[in-house]
Amino acid sequence: MVPEGPETRPGARGGAHAPVPGDADEPLLAPADADELLLWALMARFERLALDRYVALAPALADAGDGAKRAWVARLDALPTDAAALAASPLAPPTDALLARARSADETAVLLVQGLVLEHLGQAIYRIAEGTERASDASRSLARDGLAASRAVTAAAARRTADAVGSGEDLYRTFTDHTHGVLGALDALADPVDAVFGARFGLRFADVMGEFVADLVAAGTALGMQRRKIVAHLAGACMGL
Amino acid sequence: MSGGAGDGAILITGGSGFLGALAAAKALAETEATVVLPVREPHTRESVLGPIATELAAEGRPVTDAVLARAVVVPLPPPERIAELAPEMKRLGVRDVLHCAGCLSYFNLGKLQEGNLDLTAGLLALGRAIDARRFVFLSTAYSAGFTDQLIPEALHEAYGDDPTDYTRTKREAEWLVARSGVPYVIVRPSIVIGDSRDGRYGGKPYGIYQLWTAGERYLGNGYPPVLHVVAGDQPVNFVHQDAFKDGFWAAYAKLEDGAVVHLVSRDDALPTMRDLWELWLATHGGPSEVHFFKRLDDVPDADVAAQVRMWLDFTAINNEIASVRWKFARARLDALRAGGLALTDASLATVRIAQERFVADSPKLQAFIARYREQGATTPRFVVHPDRSLERG
């Protein structure tokens with residue numbers, strides 16, 4: 001039985017976080033900066049759901065890279081994140097809506113929704129976070145590790161997808177059917193992401209989407225789907241068509 | 001009048017969508033007929049009638065209980081069971097079927113099969129069962145596929161490569177209609193854009209709205225100093241939604257059985273994609289340079305940021321369609337015009353009205369434009385790059 005709301009497990013730290021010093025133009029960074037912790041609280045919700053789905057329905061992905069995803073989720077769980085702060089942020093409603101559409105109920109859905117779409121979305125976020133000099137060293141290091149763990153999963157997901165779902169037009173049809181909903185839920189994150197992380201990290205939704213789409217298209221074509229068709233699906237789903 | 005247009009009830013599919021709702025509003029405004037709107041869940045009577053009432057009000061038509069009571073919303077069965085509606089449709093007095101529903105997915109073969117082919121076949125079966133007087137099928141002007149020849153107002157015996165599977169399934173559905181034995185008219189609109197008078201647009205972000213919406217979402221934080229744009233130099237055929245509404249109705253009411261009509265604007269004043277870009281950037285300010293390319297393959301990957309590349313990718317198919325000179329035969333539309341149909345052709349000036357409305361309806365774009373102007377945004381320098389496909393042969 002799937003535990004209810006695995007991605008909503010509260011972080012280790014409770015209560016309100018301290019205000020971040022600095023001014024609007026050049027905010028000062030702190031190792032345990034509240035906005036950085038908000039990012040990791042957000043990522044933890046996605047990663048916990050992913051691991052839960054892998055364990056339940058696609059164990060090869062949970063075990064990929066010597067259990068890299070398990071270790072990554074454990075590391076996120078150990079951070080002093082503040083679930084209450086995330087729940088009170090504008091990120092919460094669109095995140096809830098997106099994760100509600102990502103509760104994959106069978107292996108095919110897990111492979112395509114978590115193993116392909118959301119892992120590549122995570123990789124885009126981790127890459128941008130790793131590369132921004134406006135984040136603390138601790139956060140950049142975390143992003144590097146998250147990226148490595150995710151890459152281990154996507155490699156395994158690609159192999160398993162080819163075996164279990166197929167390739168070419170059959171895969172495309174299954175991919176579009178399973179991923180339209182979750183892709184359509186992404187757009188609601190645009191304004192909250194820009195508001196919370198844009199000025200702070202330079203982590204903007206459009207940048208994330210640009211990296212994400214490029215990765216996902218490359219991954220999809222490697223699986224035998226036509227680039228033109230993947231792009232058309234992403235454009236339609238992401239723009240509410 | 002060859003069709004009925006109000007003598008008897010009218011069944012209109014796609015009432016929960018953009019063009020079907022326009023047709024339904026027109027039917028309620030122009031006739032005293034019962035208008036039957038079959039829809040699927042999750043649509044409800046309220047959700048279907050809302051946009052129709054809005055359109056009636058925008059036209060200055062009364063939106064009374066009596067008017068709305070003439071709209072009868074019924075559940076739409078799966079395609080293979082649509083003919084089972086026949087007894088109820090006969091009881092309601094349905095004589096004509098205006099089939100405006102369809103699937104606009106570009107490549108989802110399953111949905112296109114169901115939404116464009118199976119649904120049409122089911123409705124044709126219903127049309128036969130009720131001995132329909134007229135079946136109007138809403139197709140697309142692009143059902144001929146890519147061609148540099150004049151596209152006839154006739155069924156396509158020959159056709160070019162299809163831009164998408166959508167155009168192919170629309171062409172195949174036209175043949176289903178023509179071979180059904182039900183008296184028919186086929187209407188092929190080009191790219192529908194907002195109302196020519198106030199720019200209002202009730203559709204999803206297709207056509208030029210895809211370009212604008214993608215720009216709003218993915219370029220709305222700031223332009224790169226140099227923006228790479230795929231924009232052809234051929235006129236793009238838009239048809240305003242008011243022209244669509246009036247033209248569609250005139251085709252239904254006045255054309256002879258078996259007629260195919262292109263519901264398109266005259267070429268004289270149509271803008272090119274480059275015109276549209278220059279209009280946007282000259283109005284709102286932009287990056288220091290804009291480089292125009294005719295094809296996506298010509299854009300240098302290394303010079304383009306990921307989000308710009310995504311925006312180019314997302315709009316690539318529409319840009320590809322817009323890069324071709326489509327030549328639509330217009331004799332039937334011209335005849336309707338000669339008979340009194342007044343249509344506003346799309347031009348740069350009328351597209352500007354739609355653009356202004358789009359910006360006015362977007363707080364995000366307005367904030368971006370204001371911020372950009374504060375930063376001293378000016379009209380960029382435009383650089384046109386040659387068509388490299390000619391070099392590649």
Side-chain angles (χ1 to χ4, degrees), chain A residues 120 123-125 127-128 131 168-180 183-184 186-191 193-195 197-199 202-218 220-221 225-241, chain B residues 17-18 103-114 161-167 203-207 209-224 296-297 301 304-321 362-365 367-368 371:
Chain A
H120 282 290
Q123 289 179 20
I125 295 169
R127 255 202 326 275
I128 292 172
E169 193 59 38
D170 288 344
L171 173 59
Y172 178 74
R173 191 175 300 120
T174 309
F175 171 67
T176 54
D177 288 347
H178 281 81
T179 61
H180 191 275
L183 288 166
L186 284 177
D187 193 57
L189 277 163
D191 290 340
V193 164
D194 288 352
F197 301 123
L203 192 154
R204 295 186 183 279
F205 181 76
D207 299 327
V208 172
M209 287 298 288
E211 298 277 337
F212 162 62
V213 167
D215 280 6
L216 188 55
V217 169
T221 51
M225 292 188 280
Q226 286 185 30
R227 184 181 196 284
R228 178 181 175 84
K229 293 188 174 185
I230 301 170
V231 169
H233 170 61
L234 296 179
C238 293
M239 294 176 64
L241 298 176
Chain B
F18 172 39
C103 173
L104 278 80
S105 170
Y106 282 170
F107 295 112
N108 189 320
L109 296 177
K111 288 184 177 175
L112 289 165
Q113 174 70 36
E114 181 184 353
D161 292 338
D162 280 296
T164 65
D165 287 318
Y166 165 75
T167 58
K204 290 182 175 180
Y206 289 106
Y209 292 91
Q210 188 187 48
L211 189 73
W212 290 344
T213 302
E216 174 197 44
R217 294 185 186 191
Y218 306 124
L219 299 180
N221 288 316
Y223 293 120
L296 185 59
D297 288 347
D301 265 345
V304 177
Q307 75 269 29
V308 176
R309 181 73 203 189
M310 174 183 61
W311 167 73
L312 290 171
D313 275 336
F314 277 12
T315 56
I317 290 174
N318 284 348
N319 280 324
E320 184 180 79
I321 294 169
S362 168
K364 184 173 183 176
L365 265 180
F368 169 60
R371 194 170 71 243

Please state whether the side chain, the backbone, both or neither of A:Tyr172 comes within less than 4.5 Å of a heavy atom of chain B.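 Contact with chain B involves the side chain of A:Tyr172 alone.
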
How many angstroms lie between [atom1] in [X] and [atom2] in [Y], if you round to the nearest 0.5 Å?
X: B:Tyr106; Y: A:Arg228; atom1: OH; atom2: CZ; result: 9.5 Å
X: A:Met225; Y: B:Phe107; atom1: CE; atom2: CZ; result: 14.0 Å
X: B:Met310; Y: A:Leu216; atom1: CE; atom2: CG; result: 12.0 Å

Among the listed options A:Glu211, A:Gln226, A:Met209, A:Arg173, the residue most often paired with chain B at heavy-atom distances under 4.5 Å: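 Ranked by heavy-atom pairs under 4.5 Å with chain B, first place is A:Met209.
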
Please rank A:Asp207, A:Asp187, A:Asp194, A:Val217 by heavy-atom pairs under 4.5 Å with chain B and give me the top one.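 Among the listed options, the one with the most contacts to chain B is A:Asp187.
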
Where on B:Ala214 is there a heavy atom nearer than 4.5 Å to chain A: the side chain, the backbone, both, or neither?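 Interface part for B:Ala214: both.
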
Could you look at B:Arg309 and say if it's the side chain, the backbone, both or neither that has a heavy atom under 4.5 Å from chain A?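 Looking at B:Arg309, just its side chain touches chain A.
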
Would you give me the side-chain donor-acceptor pairs under 3.5 Å for residues 229-241 of chain A, sequence neighbours excluded?
residue  : atom : partner  : partner atom : Å
A:Lys229 : NZ   : A:Glu169 : OE1          : 2.8
A:His233 : NE2  : A:Thr179 : OG1          : 2.9

List in chain and number order the residues that pass salt bridge (charged side-chain N to carboxylate O under 4.0 Å, His left out) with B:Glu216, two or more places apart in sequence or in another chain; answer none if no residue qualifies.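 Per chain and number, B:Glu216 pairs via salt bridge (charged side-chain N to carboxylate O under 4.0 Å, His left out) with no residue.
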
